[in-house]
Amino acid sequence: MSKDTKEKSPVDAAAIRELAKLLDETKLSEIEIEQGGLRLRVARGGTAVMAAAPAPVPVAAAPAAPAAPAKPSGPPAGAVSSPMVGTVYVAPEPGKPAFVSVGSTVKEGDTLLIVEAMKTMNPILAPKSGKVSEICIENGQPVEFGQTLLIIS
Amino acid sequence: MFEKVLIANRGEIALRVVRACKEMGISTVAVHSTADANALHVRMADESVCIGPPPAAQSYLNIPALISACEITGAEAIHPGYGFLSENARFAEIVREHGITFIGPTPEHIRLMGDKIAAKQAVKDVGIPTVPGSEGASRSASVAERVAHEIGFPVLVKAAAGGGGRGMKVAQTAADLSVALSTARSEAKAAFGNDAVYLEKYLGRPRHIEVQVLADGYGKVLHLGERDCSLQRRHQKVWEEAGSPALNAQQRDEIGAVVTTALGKLGYLGAGTIEFLFEDGRFYFIEMNTRLQVEHPVTEAITGIDIVREQIRIAAGGALEMDQEDVSFSGHAIECRINAENPFTFVPSPGTITQFHAPGGLGVRFDSAMYDGYRIPPYYDSLAGKLIVHGRNRNECLMRLKRALDELVVGGIETTVPLFQELIKEPDIINGDYNIHWLEKFLARQKRK
């Protein structure tokens, strides 16, 4: 092998590593360069997207509304829903422990949460005895009428 | 300008306000009862809040829920639409007290115009012509009798807390007066919680002509012309036109000037409509509505002015940019209120719309919250949509109206479209020759057939 052939090797490992590093840093999925008659292309593993520009997405035959899918019907069994619009809190005061947590056993009439509306605190009472199986809201979250707050099984 | 507005209403008018807000780049919050979860205004608004169960008292009239909805969404202003709380002075006050802007007039003016006796005196004081009648409430039967003889029979006994055609009894002769008084009082007490009544001369064949105004917070008051809303069934408007077939341009300018001068003296703010009875070339004030009206689109059609946009701009502290000379009237417009009712018996027809096609084309506007598959809930009013046509003149309007009525498709429920298809064939309607009793007489004739 002549020295020349080796120097002119088509496999420029350093350049490929450089490109791979660039790919990672820039989060691109593919880089292609052409230098000195040599074209190098480095692509992330996975499906190689070929050639042609994607077909234009057909516009869905628009019934007036974008956005919201129809609201789901019927709350799950044992759901305790909000009787009003407001902000829900899980504890009697900030810094105090929460009234209940998942797994808590509650008696009918126990305070579960507070919904604040217009500066008044409204306790939400357990409609039946049981165990809290799910808490569907986060402390301080806005809630609407009928929204499921937690589930008692 | 507001960044976020909450619309305290439902149906077609909630959609109307959402549209205006979107065009102004304002975020929208729709509120709804559980029955309206899939309503069009809810789907088109940026955010929605469920505020209660179906009954209006627990949802659309639920003031704490509405204020709460503002608080949790950060809405800076409330547009009350029409009906519901739009003319509730207490609501406007509560909204104001919470640092939220009420898109409408001041609570003081809402309260003033809501008391029909006080309103009449207030507008009289600023030069608006009124119907001859009792000065203030009729407290005793003997005083009422004297007043009635002065103004001449027949007389109308009206509830001070009424309005919108409710709480009125006619006394044709002196013999009918005491019965009319006592019936009106007890009905007023039951319906409005207030049995104060007053007397007015009963006009035999008047037209209902109302003037639309806009007033900003800088003293400018404009009128946008009149609407003729004489075609009514049980005091509910069914068909409205801009301008009135009975007025010429000079009469329009004259009554417009009287109204704008008067409201300027009152310091009114926002959109409003002054309603008159018009007979033998004379105007007689009946009441003022301190809100957006159902039939506002016919005025928009002939002036090109977006009344809801102006309401929002005025409420945000903006000044009216045009002067009265800049307000021009082009062509003619007619609106038909399409109700979800049987067209002959008027029995309400809620239910699922199986097929819906809105008419289109030049000069046709259909304001409605209906869509294919929408279920009209039974808890609220029966207005399904408003068909508004505009033409270069009234004849062109009538032709266009016929075409649009024939094109409108609403399957699955009954609507009053056939009523309008009959009306446009009537010579009196074609000639614009009708008064506020015409439609009832027409319906009575239809019933006999």
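Each chain gets a letter, A, B and so on, in the order the sequences are listed, and its residues count up from 1. What you see is a predicted model; the values in this text were computed from it and never measured.
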Close contacts, residues 57-83 of chain B versus chain A, judged by heavy atoms under 4.5 Å:
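Expected list: B:Pro64, B:Ala65, B:Ile67, B:Ser68, B:Ala69, B:Glu71, B:Ile72.
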Report, by ascending residue number, the residues of residues 354-370 of chain B in heavy-atom contact with chain A at a distance under 4.5 Å; give 'none' if the set is empty.
none
Is A:Met118 close to chain B through its backbone or its side chain, or both, or neither, when contacts mean heavy atoms under 4.5 Å?
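Its backbone and side chain both get close to chain B.
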For [X], does the [atom1] atom have more than 12 heavy-atom neighbours from other residues, nucleotides or ligands under 6.0 Å away?
X	atom1	value
A:Lys128	NZ	yes
A:Gln141	CD	yes
B:Arg403	CZ	yes

Considering only heavy atoms and a distance below 4.5 Å, find which of B:Asp46, B:Val31, B:Ile51 pairs most often with chain A.
B:Ile51
